[in-house]
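Working notes, beginning with the structure itself.
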Amino acid sequence: MQKREQSFGIQMLTVQPDTKPKGCAGCNRKIKDRYLLKALDKYWHEDCLKCACCECRLGEVGSTLYTKANLILCRRDYLRLFGVTGNCAACSKLIPAFEMVMRAKENVYHLDCFACQLCNQRFCVGDKFFLKNNMILCQTDYEEGLMKEGYSPQVR
């Protein structure tokens with residue numbers, strides 16, 4: 001049975017001066033600071049609850065942490081290591097969740113795959129593209145296809 005990832009909440013608590021200091025799960029020292037973090041049913045110094053990859057302070061980057069494979073991670077590194085966006089509609093390969101993508105309706109594409117599927121012309125920001133029969137087409141190939149079908153598009 002494979003262990004699934006889980007996300008957990010992080011709470012910032014004020015240390016009450018009349019309570020016994022709690023031990024930090026990260027460094028095992030007593031927490032004598034004004035604030036402490038509670039996560040994974042344990043208490044932490046703000047500096048000790050860090051992402052295992054980028055070492056960002058998890059209490060500062062949000063109210064959630066992720067665990068998988070005995071790692072404590074921020075959302076960005078969790079997605080970078082374990083996340084998947086889906087399959088590219090052009091090449092059918094997996095797209096990692098951290099990778100920039102292009103979308104056309106419900107289709108998702110690698111940036112390098114977002115090109116006319118007839119002439120392979122890559123699209124730049126602002127270029128028109130057309131989605132016909134689930135294929136990305138440049139304006140020229142789209143209009144040529146319409147002409148072959150006996151319809152001439154109106155150019156304005």
Side-chain angles (χ1 to χ4, degrees), residues 1-138 141-142:
M1 183 176 185
Q2 190 176 19
K3 209 176 202 184
R4 294 187 52 92
E5 78 287 340
Q6 292 190 354
S7 65
F8 295 92
I10 302 171
Q11 293 178 291
M12 180 173 274
L13 305 172
T14 304
V15 175
Q16 301 301 318
D18 55 344
T19 60
K20 180 182 169 197
K22 302 197 181 319
C24 175
C27 69
N28 295 318
R29 292 192 302 251
K30 298 285 183 201
I31 302 173
K32 298 177 183 175
D33 303 346
R34 184 174 177 191
Y35 298 102
L36 60 82
L37 299 176
K38 184 176 182 186
L40 304 170
D41 291 324
K42 299 175 183 173
Y43 297 97
W44 309 76
H45 288 105
E46 291 178 84
D47 288 336
C48 292
L49 187 58
K50 294 180 182 179
C51 173
C53 287
C54 69
E55 295 191 358
C56 69
R57 291 170 38 151
L58 293 171
E60 291 178 356
V61 296
S63 59
T64 306
L65 62 84
Y66 295 79
T67 64
K68 187 167 181 174
N70 294 323
L71 296 172
I72 295 175
L73 302 164
C74 66
R75 182 177 193 277
R76 192 191 77 188
D77 283 324
Y78 169 75
L79 290 174
R80 184 175 60 79
L81 293 170
F82 303 110
V84 179
T85 298
N87 291 343
C88 176
C91 72
S92 300
K93 293 181 182 171
L94 286 176
I95 303 173
F98 63 88
E99 192 172 304
M100 296 288 286
V101 296
M102 294 298 292
R103 294 181 187 275
K105 295 199 175 184
E106 61 277 347
N107 295 335
V108 183
Y109 302 86
H110 294 106
L111 290 181
D112 289 342
C113 294
F114 194 70
C116 177
Q117 291 177 292
L118 291 180
C119 71
N120 293 320
Q121 172 191 328
R122 301 258 327 258
F123 297 107
C124 297
V125 175
D127 285 351
K128 280 188 177 181
F129 69 90
F130 298 84
L131 195 60
K132 182 163 174 128
N133 299 330
N134 229 16
M135 284 181 59
I136 302 172
L137 301 172
C138 66
D141 287 330
Y142 176 74

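Just so it is clear, the values below take in all heavy atoms, side chains as well, and ignore hydrogens, waters and symmetry mates.
For the pair M135/L118, a side-chain contact is recorded, criterion being any heavy-atom separation below 4.5 Å from C-beta on. Counting only heavy atoms from C-beta outward, the side chains of L71 and D77 never approach each other to under 4.5 Å. Between V15 and R34, the closest side-chain pair of non-hydrogen atoms is not below 4.5 Å. By the 4.5 Å heavy-atom criterion applied to side chains, L94 and N87 are counted as neighbours.
Shortest non-hydrogen contact noted between F123 and K128 is CE2-O, 3.6 Å. Smallest separation of non-hydrogen atoms from L37 and G59: CD1-CA, 4.0 Å. The shortest non-hydrogen separation linking C51 to L58 is N-CG, 3.8 Å. Y109 and I95 make their closest contact through C-CD1, 3.9 Å (heavy atoms, listed as atom of the first residue, atom of the second, distance). Closest heavy-atom contact between M102 and L111: CG-CD2, 3.5 Å. Annotation for L81 and C53: closest pair CD1-SG, 3.5 Å, computed over non-hydrogen atoms.
Within the model, atoms CD1 of I31 and CD of E46 stand 10.0 Å from one another, a figure rounded to the nearest 0.5 Å. Between the CG atom in L137 and the CD atom in Q121 there is a gap of 11.0 Å [rounded to 0.5 Å]. The structure places CD of Q117 at 11.0 Å from CG of N133, a figure rounded to the nearest 0.5 Å. Note that CZ of R75 is 9.0 Å distant from OG1 of T64, once rounded to the nearest 0.5 Å. For the atom pair NE2 (H45) and NZ (K32), the distance works out to 9.0 Å, reported to the nearest 0.5 Å. Within the model, atoms NZ of K22 and NZ of K42 stand 15.5 Å from one another, a figure rounded to the nearest 0.5 Å.
Scanning for salt bridge (Lys or Arg N to Asp or Glu O under 4.0 Å) contacts around D127 gives an empty result, with sequence neighbours left out. Judged as a ring-ring contact (aromatic ring centres under 6.0 Å, His included), and not counting sequence neighbours, the contacts of F130 are Y142. For D112, the salt bridge (Lys or Arg N to Asp or Glu O under 4.0 Å) partners at least two apart in sequence or on another chain are R122.
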Evaluate the criterion side-chain contact (heavy atoms from CB on, under 4.5 Å) for residue pair I72 and F8; output intermediate values, then yes/no. CA-CA 10 Å; I72 295 175; F8 295 92; over 6 Å; no
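W44 places a side-chain N or O within 3.5 Å of a backbone atom of A39 that can act as its donor or acceptor partner.
Counting heavy atoms of neighbouring residues, nucleotides and ligands inside a 6.0 Å radius, atom NZ of K132 exceeds 12 of them.
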